[in-house]
Peer 1: 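One structure coming up, written as structure tokens, with questions to follow.
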Amino acid sequence: MPDNKVLADRLKMFADLSEIKGENPFRLIAYRRVAETLEELDEPVEQMVREDRLTEVPGVGPGIAASLKEMVDTDHWEALDELQDEVPATLLTMLDVPGVGTKSVARFYHELGITDLVQLEACARQGEIRKLKGFGAKQEARILSGIAFLNQRTGRLSIGTGLPAAEALARELSTRLGVAVAIAGSIRRMCETVGNLDLVVASDNAEAIAATLAESGRVTEIEYVETTVVTGKHAAGVEIRVLATNPDEYGSELFRWTGSREFVAAFERQFAAESRAASEDQLFEALGIVPIPPELRESPEVIELSRTNALPHLIEVSDIRGDLHLHSDWSDGHGTILEMATAARERGYEYLSISDHSGGLAIAHGVTVERLRQQRAEIERVNEEIPELRLLKASEVEVHLDGSLDFPDDVLVELDLVVASLHSGLNRSTEELTKRIVKVMRNPHVDIIAHPTGRIIERRPGGSYDWDTVFKVALETGTALEINANPARLDLRDDVARDARRAGVLLTIDTDAHDVRSLDLMRYGIGVARRAGIEPTGVLNTRPLAALLDWLRR
DNA sequence: AACTGAAGAGTTGTGGCGCCGGTGCGCCA
């Protein structure tokens with residue numbers, strides 16, 4: 001029985017293939033809209049089919065309802081099968097290449113007989129692409145560098161998918177077996193992508209573990225490795241490995257299974273004594289050193305910091321007092337200002353920045369100057385309604401190609417907080433990009449640079465800067481750089497965030513939430529900050545409201 | 001394909017950038 005995610009994926013696939021085929025574009029929009037809605041739907045589509053309520057979903061009419069019903073009933077979709085006979089599904093792999101869209105794919109297919117990424121690369125190498133009308137050497141080079149970027153993809157899972165998947169299984173194992181279960185491996189270290197889901201269970205009952213995994217419905221191909229490790233394939237697309245351990249060595253095994261490999265090897269060399277511990281804290285205590293947070297267990301150098309009690313006091317989710325970059329339904333967000341504010345209050349925040357897109361980002365229904373002033377009235381109304389939370393009048397202002405901003409200074413000055421964002425021209429040269437961002441930071445109204453590189457992990461490389469210059473100017477102008485907490489972005493990256501902080505640059509960790517639920521993505525940004533060794537004092541939105549307002553008046 | 005607001009038909013997803021080719025088109029946020 002296909003779940004909502006699978007149904008959404010099939011609708012998207014249908015839309016992409018129809019677009020390559022050259023169908024009515026508005027039909028595709030209809031399919032894609034429903035796909036996006038399904039991904040955020042709380043209720044299983046299957047249940048709605050049973051109760052004949054599908055058309056309650058916005059955007060679902062008779063046509064799409066029939067398709068969804070067919071997929072739920074038969075696990076097949078005739079129309080998609082037929083479409084694939086005309087347009088091979090392998091063509092879709094070419095759409096991953098930045099700068100290659102459906103029109104190009106259709107031409108590669110019809111004019112050169114190319115059906116997948118491998119053939120596209122071969123043809124580009126042989127100079128076949130430039131022979132097509134409308135293409136040239138430059139396009140061909142762009143395609144090749146795009147493919148080179150794609151070839152670096154690891155096939156690893158986003159932490160944004162891996163962590164919740166691991167948590168769900170850990171909960172099931174813990175409930176079922178009544179024992180402690182911990183997430184280990186790269187997920188525990190909050191790496192941006194993860195290759196395996198690793199769990200450690202304080203029970204040597206491997207059979208019960210295997211049975212629970214099987215019953216979860218998320219794990220297949222379950223096998224034993226020796227008698228203490230159960231492995232399987234998780235539905236999210238990675239291997240899952242569960243270690244069954246005696247409770248008296250649960251801590252030491254968790255330590256080993258957390259890694260990194262390099263860190264653990266160095267650690268074991270330095271502390272050669274046989275160590276068994278029921279908890280990690282006991283392990284560290286027995287060695288007489290300060291516990292090392294999992295996020296710092298990459299390079300062995302951190303061991304020395306532990307020995308000398310010089311570890312940073314890492315930031316935690318609970319240190320965050322507000323979110324400074326998010327969206328409401330005034331632009332492309334899905335929640336009203338009141339809904340976002342209520343959710344923020346529920347999370348214990350003191351303040352929240354309503355930073356909808358500026359008018360220049362038209363596809364996101366960017367807010368024009370006129371609507372910005374109307375929005376201000378709404379923000380003031382909600383501020384009165386929820387006195388415990390302070391809403392800041394803000395904007396995510398588009399940066400133009402020349403480094404100028406989408407709103408003139410006399411509009412910016414009316415805002416409490418200005419978040420500046422580059423969304424285009426990110427593949428320009430390092431020099432040009434650095435010059436552009438420096439110009440933005442020198443605008444006295446700009447407070448925060450959002451997702452500075454614009455990368456999308458494993459999908460889009462993002463811009464490159466001369467970071468030393470960026471940090472220098474950020475420090476000089478008092479501009480904060482964002483760690484965007486969305487797991488698809490995590491931008492700044494951990495190592496860049498570390499360098500920024502070392503240079504004295506103030507950071508901010510924001511979710512860029514487009515709906516109420518995404519406010520909870522904060523923990524991924526905190527994960528990046530912790531990996532970067534960052535303390536609460538280095539992060540703007542750990543400050544109390546009064547201190548934040550002081551800073552904004554700087 | 002779906003929605004609106006009419007009883008059939010119009011509208012929905014905008015604007016800038018980059019490349020190619022000499023004015024236009026595809027891609028992307």
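For the numbers below, each heavy atom of this structure counts, side chains included, while hydrogens, waters and symmetry mates do not. Letters A, B, ... mirror the listed sequences (proteins, then strands); counts begin at 1. None of these values were measured; they are calculated from a predicted model.
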Peer 1: Roughly how many Å apart are B:dC17 and B:dG22, using the P atom of each and rounding to a whole number?
Peer 2: 23 Å
Peer 1: Please report, rounded to the nearest Å, how far the P atom of B:dG16 is from the CG atom of A:N427.
Peer 2: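 Those two atoms, CG and P, are 18 Å apart.
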Peer 1: Would you indicate which nucleotide in B:dA1, B:dC17, B:dC28 comes nearest to any side-chain atom of A:A30?
Peer 2: B:dA1
Peer 1: Side chain of A:N24: nearest nucleotide among B:dA1, B:dG21, B:dC28?
Peer 2: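 In terms of side-chain proximity for A:N24, the closest of B:dA1, B:dG21, B:dC28 is B:dA1.
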Peer 1: Restricting to pairs with a member in residues 133-150 of chain A, which pass side chain to side chain donor-acceptor pair (under 3.5 Å), not counting sequence neighbours?
Peer 2: A:R130-A:E140
Peer 1: Identify which nucleotide among B:dG26, B:dA1, B:dG13 has an atom closest to any side-chain atom of A:S104, counting heavy atoms from C-beta outward.
Peer 2: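 Output: B:dG26.
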Peer 1: When we call it a touch if two heavy atoms are under 4.0 Å apart, what does A:V34 touch: a base, just sugar-phosphate, or nothing?
Peer 2: nothing
Peer 1: Of A:H365 and A:L95, whose closest DNA chain B nucleotide lies nearer the 5' terminus?
Peer 2: A:H365
Peer 1: Categorize A:L28 for me: base, sugar-phosphate, or nothing, with a 4.0 angstrom heavy-atom threshold over every strand shown.
Peer 2: nothing
Peer 1: To the side chain of A:F26, which of B:dT12, B:dC17, B:dC20 is closest?
Peer 2: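 Shortest atom-to-atom distance from the side chain points to B:dT12.
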Peer 1: Closest approach to the side chain of A:K103, judged atom by atom: which nucleotide of B:dG26, B:dA1, B:dA2 is it?
Peer 2: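 Shortest atom-to-atom distance from the side chain points to B:dG26.
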Peer 1: Roughly how far apart are A:L326 CG and A:I354 CD1, rounded to 0.5 Å?
Peer 2: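 Output value for this atom pair is 5.0 Å.
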Peer 1: Taking A:E70 for its side chain and A:E78 for its backbone only, find out whether a donor-acceptor pair lies under 3.5 Å.
Peer 2: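 The answer is yes, because a donor-acceptor pair under 3.5 Å joins these two groups.
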Peer 1: Using a 4.0 Å heavy-atom cut-off across all strands, classify A:A66 as base, sugar-phosphate, or nothing.
Peer 2: nothing
Peer 1: Given B:dG18, is OP1 or OP2 found less than 4.0 Å from the side-chain N or O atoms of A:R428?
Peer 2: yes
Peer 1: Answer with base, sugar-phosphate or nothing: what part of the nucleic acid does A:P98 contact at a heavy-atom distance below 4.0 Å?
Peer 2: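 Touches sugar-phosphate only.
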Peer 1: Which value, in whole Å, describes the distance between the C1' atoms of nucleotides B:dC27 and B:dG13?
Peer 2: 14 Å
Peer 1: Answer yes or no: does a side-chain N or O of A:T102 lie under 4.0 Å from OP1 or OP2 of B:dG26?
Peer 2: no
Peer 1: Nearest to the side chain of A:I363 - B:dA1, B:dT14, B:dG21?
Peer 2: B:dT14
Peer 1: In whole angstrom, what separates A:L361's CG from B:dG13's P?
Peer 2: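 Computing the A:L361:CG to B:dG13:P distance gives 15 Å.
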Peer 1: Counting N and O atoms only, with roles assigned by atom type, does the side chain of A:D323 sit under 3.5 Å from a partner on the main chain of A:T511, one being a donor and the other an acceptor?
Peer 2: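 Between the backbone of A:T511 and the side chain of A:D323 there is a qualifying donor-acceptor contact (under 3.5 Å).
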Peer 1: Determine the interatomic distance between C1' on B:dG18 and the same-named atom on B:dT23; round to the nearest Å.
Peer 2: 14 Å
Peer 1: Using heavy-atom distances to pick each residue's nearest nucleotide on DNA chain B, tell me which of A:I29 and A:P58 is more 5'.
Peer 2: A:P58
Peer 1: In whole Å, what separates the P atom of B:dC28 from that of B:dC20?
Peer 2: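 After rounding to an integer number of Å, I get 15 Å for this pair.
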Peer 1: Can you tell me how the ring of A:H327 sits relative to the ring of A:H325, calling it parallel under 30°, perpendicular over 60° and tilted otherwise?
Peer 2: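 Rings of A:H327 and A:H325: perpendicular, over 60°.
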Peer 1: Send over the distance from A:R107 CZ to B:dC19 C1', rounded to a whole Å.
Peer 2: 13 Å
Peer 1: Side chain of A:L401, heavy atoms from C-beta onward: which of B:dG15, B:dA2, B:dC17 has the nearest atom to it?
Peer 2: B:dC17
Peer 1: Centroid separation under 6.0 Å, is that true for the rings of A:H451 and A:H423?
Peer 2: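 Ring centroids of A:H423 and A:H451 are less than 6.0 Å from each other.
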Peer 1: Please report the distance, rounded to the nearest Å, between CG in A:L426 and P in B:dC27.
Peer 2: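 That distance rounds to 19 Å.
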Peer 1: Could you tell me how far apart A:R27 (CZ) and B:dG10 (C1') are, to the nearest whole angstrom?
Peer 2: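 Distance, rounded to whole Å: 19 Å.
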Peer 1: Rounding to an integer number of Å, can you tell me how far A:D332 CG sits from B:dG13 C1'?
Peer 2: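 After rounding, the gap between these two atoms is 13 Å.
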Peer 1: Grab the CG-P distance between A:D406 and B:dC17 for me, whole Å please.
Peer 2: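 A:D406 atom CG is separated from B:dC17 atom P by 11 Å.
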Peer 1: Rounded to the nearest angstrom, tell me the gap between atom CD in A:E19 and atom P in B:dC28.
Peer 2: 11 Å
Peer 1: Could you work out which one of B:dA2, B:dG13, B:dG18 sits closest to the side chain of A:R142?
Peer 2: B:dG18
Peer 1: When the P atoms of B:dG26 and B:dG21 are considered, how many whole Å apart are they?
Peer 2: 13 Å
Peer 1: Is the A:H514-A:H334 ring centre distance short of 6.0 angstrom?
Peer 2: no
